[in-house]
Amino acid sequence: MPDLAQSPALASPQISLKGVVKNFGAHRVIDHLDLSIPQGQKVALIGPSGSGKSTVLRLIKGLETYQQGSIEVAGASVPARSSSWRLPGTKKAPVVHRVGMVFQQFNLFPHLTVQENITEAPFRVLKLSREEALERAHQYLGLVGLSHKADAYPAQLSGGQQQRVAIARALAMRPQVMLFDEVTSALDPELVGEVLAVIRAIAHEQQMTMLLVTHEMKFAQDIADRVLFMEAGKIVADGTPEQILVNPDNERTRRFLNLVEKR
Amino acid sequence: MFFDPTAVETARFIARQLANGALVTLQITFFAQLIVVSMSFVIALMRLSPWRVLRWIATVYVEILRGISALVLLFYLFFILPLFGISLSPMTTGVLGLGLTFSAYGSEIVRSALSNVSRGQRDALQALDFDSITAFRRIVLPQALPFMLPPMGNQLVELLKTTSLVSLITLSDLTFSGGQLITTLGQQTLIWSIVLVCYFVMAWPMSWLVKRYERRVTSWRRSVAAEGAAS
């Protein structure tokens, strides 16, 4: 069993949240959260809806502001009030793209083909040549098994295929950290498997830190090194999949898992 | 002889007068539309910006220009500004007055079209570390254009017809030329009928051009629909 507190390679954790507080108006969604994740660790984040799981991911990616505490990813601080407004070539532009994110609703660009969806950011943001960007598109479309759909538009694909494209799009930026935000929740049950299979493959192949919000307990148990159970903006249980999912000693975790299994 | 020479002469005179008028009308429409499009985007982006001062200025701009009569604005620019030492030519006055008035409506069209692009798209753009200008140009605008083009096309035609107001500040546009012809020739029914047709003939190609452009920017949607119908 891996020692969770010790990073395998680095002294400092790759993702670190210290005393983070996030309010939506008067409602506190993240309540003094501390979290430290070493490089390469695969972490599943579970818990009832509204417990703040997705918000944790959005905070790490800098999509949300926060009121207290500090967040660091790969040695760079994520500002508490990151503005979505940024000019080309300004300081905040990433030299290295650190964090990739995949969303519940895929969020592909509907007016671009599958291939253009993937090449757009490497070409425009990372400033790769068109050839390099295309090469990456082919590589990652191959990885998610959709090379034959390169010229299709997103609306011509099934939900499962769209989500696989979204994963390829995020991977094409070669991030050090991948965040998966309930990536199978919007899919029909028969399409969930193909997306989970792709994520499983990434988890095995790459030395990448992964943080997944999921309701697929079996899946979490399979791929995660560590499982966090969140409730009311706090992490209430933190351990191996074995400790959290198989033999939960925490009463609330047990109740939640019973509910999930009954569905 | 088939034609009475004086009748031919009169017809030529009418045609020449109305053609000159129509040209002025088109000029005003063209330059006013340039102001409309650029100011619509500037004001819409200000209203959507994260800076409160910009949002406030833009809101005041829209509310004021939407709330005042275009004709009175033209009178104001033409007759009152000179009292403060600012004299604009009738042409400049017409272009500016109509451009500003219509940009207030235009900015609302642009704003609602831009707001139509979903939060999810913005999340994805941020997740891929796009800068704001690239994101706007490559992702947001292409998705918003199909929403703004039909109302913008309506507005362009509306602008063309509203240029007739400039006849009241001494510009000899199409309407003014028509009025003058009637003073010299009588023939009310004939002249106004010709003027009516002239406006239609100018407006129709505009709607057509906008429709064509709209088809071009929405081609990605049709390829999707065709596929859906086939499968």
Side-chain angles (χ1 to χ4, degrees), chain A residues 54 57-58 60-65 81-90 92-113 116-118 120-127 151-158 166 169-170 172-173 175 178-179 181 186, chain B residues 42 44-55 58 113-149 213-231:
Chain A
S54 292
L57 298 199
R58 295 179 63 85
I60 292 170
K61 182 60 219 182
L63 300 182
E64 301 284 350
T65 60
R81 300 201 65 82
S82 63
S83 165
S84 59
W85 280 76
R86 203 154 45 67
L87 291 172
T90 49
K92 273 203 245 158
V95 183
V96 183
H97 173 86
R98 295 188 179 85
V99 184
M101 185 161 180
V102 184
F103 301 91
Q104 185 177 347
Q105 298 295 341
F106 333 135
N107 300 340
L108 294 179
F109 306 131
H111 61 301
L112 300 180
T113 63
E116 290 165 342
N117 259 280
I118 301 174
E120 191 69 8
F123 179 61
R124 309 245 171 216
V125 179
L126 301 182
K127 310 286 182 200
D151 296 321
Y153 283 96
Q156 295 167 317
L157 305 181
S158 73
R169 180 175 71 174
M173 298 293 278
M178 276 287 276
L179 308 171
D181 187 7
Chain B
V42 169
L45 288 174
M46 282 170 72
R47 284 197 97 169
L48 293 170
S49 86
W51 297 289
R52 191 181 303 170
V53 182
L54 289 187
R55 286 202 303 269
L114 291 177
S115 315
N116 240 316
V117 177
S118 70
R119 163 100 185 270
Q121 292 287 305
R122 288 159 212 277
D123 281 350
L125 287 166
Q126 262 186 283
L128 292 165
D129 292 322
F130 275 92
D131 65 75
S132 302
I133 289 175
T134 309
F136 182 78
R137 198 170 57 84
R138 297 283 309 167
I139 308 296
V140 177
L141 188 59
Q143 291 184 60
L145 267 182
F147 291 106
M148 61 178 88
L149 278 180
Y213 185 55
E214 192 191 330
R215 278 184 70 81
R216 223 184 57 140
V217 300
T218 55
S219 55
W220 57 272
R221 284 181 173 179
R222 273 193 311 284
S223 68
V224 169
E227 172 91 358
S231 62

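The chains referred to below are lettered A, B, ... by the order of the sequence lines, with proteins before strands, and numbering in each begins at 1.
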Quiz item: Does a sphere of radius 6.0 Å around CZ in B/R215 hold more than 12 heavy atoms from other residues, nucleotides or ligands, not counting ones at 6.0 Å or beyond?
Solution: no
Practice problem: Let me know if A/L108 has heavy atoms under 4.5 Å from chain B in its side chain, its backbone, both or neither. | Solution: backbone
Self-check item: Spacing of A/T113 atom OG1 and B/W220 atom CH2 [to the nearest 0.5 Å]
Solution: 12.5 Å
Quiz item: Measuring heavy-atom distances to chain B, does A/Q104 have an atom under 4.5 Å in its side chain, in its backbone, in both, or in neither?
Solution: neither
Self-check item: Heavy-atom proximity to chain B below 4.5 Å, by part of A/F109
Solution: both
Practice problem: Output yes when A/R98 and B/D129 qualify as a salt bridge under the 4.0 Å nitrogen-oxygen rule, no when they do not. | Solution: no
Quiz item: Under a 4.5 Å heavy-atom cut-off, does chain A meet the side chain of B/R119, its backbone, both or neither?
Solution: side chain
Self-check item: Contacting moiety of A/R169, where chain B heavy atoms sit under 4.5 Å
Solution: both
Quiz item: Rounded to the nearest 0.5 Å, what separation is found between the CG atom of A/L112 and the CD1 atom of B/I139?
Solution: 5.0 Å
Self-check item: Stepwise salt bridge (charged side-chain N to carboxylate O under 4.0 Å, His left out) test for B/D123 and A/R58
Solution: CA-CA 9 Å; B/D123 281 350; A/R58 295 179 63 85; 2.8 Å; yes
Quiz item: Atom CZ in B/R138, atom CZ in A/R124: separation rounded to 0.5 Å?
Solution: 4.0 Å
Quiz item: Do the side chains of B/L128 and A/V125 get nearer than 4.5 Å, heavy atoms only?
Solution: no
Quiz item: Does the A/H111 side chain pair with the main chain of B/T218, one donor and one acceptor, at a distance under 3.5 Å?
Solution: no
Practice problem: Report the option among B/A135, B/P142, B/A127, B/G120 that has the most heavy-atom pairs separated by less than 4.5 Å from atoms of chain A. | Solution: B/A127
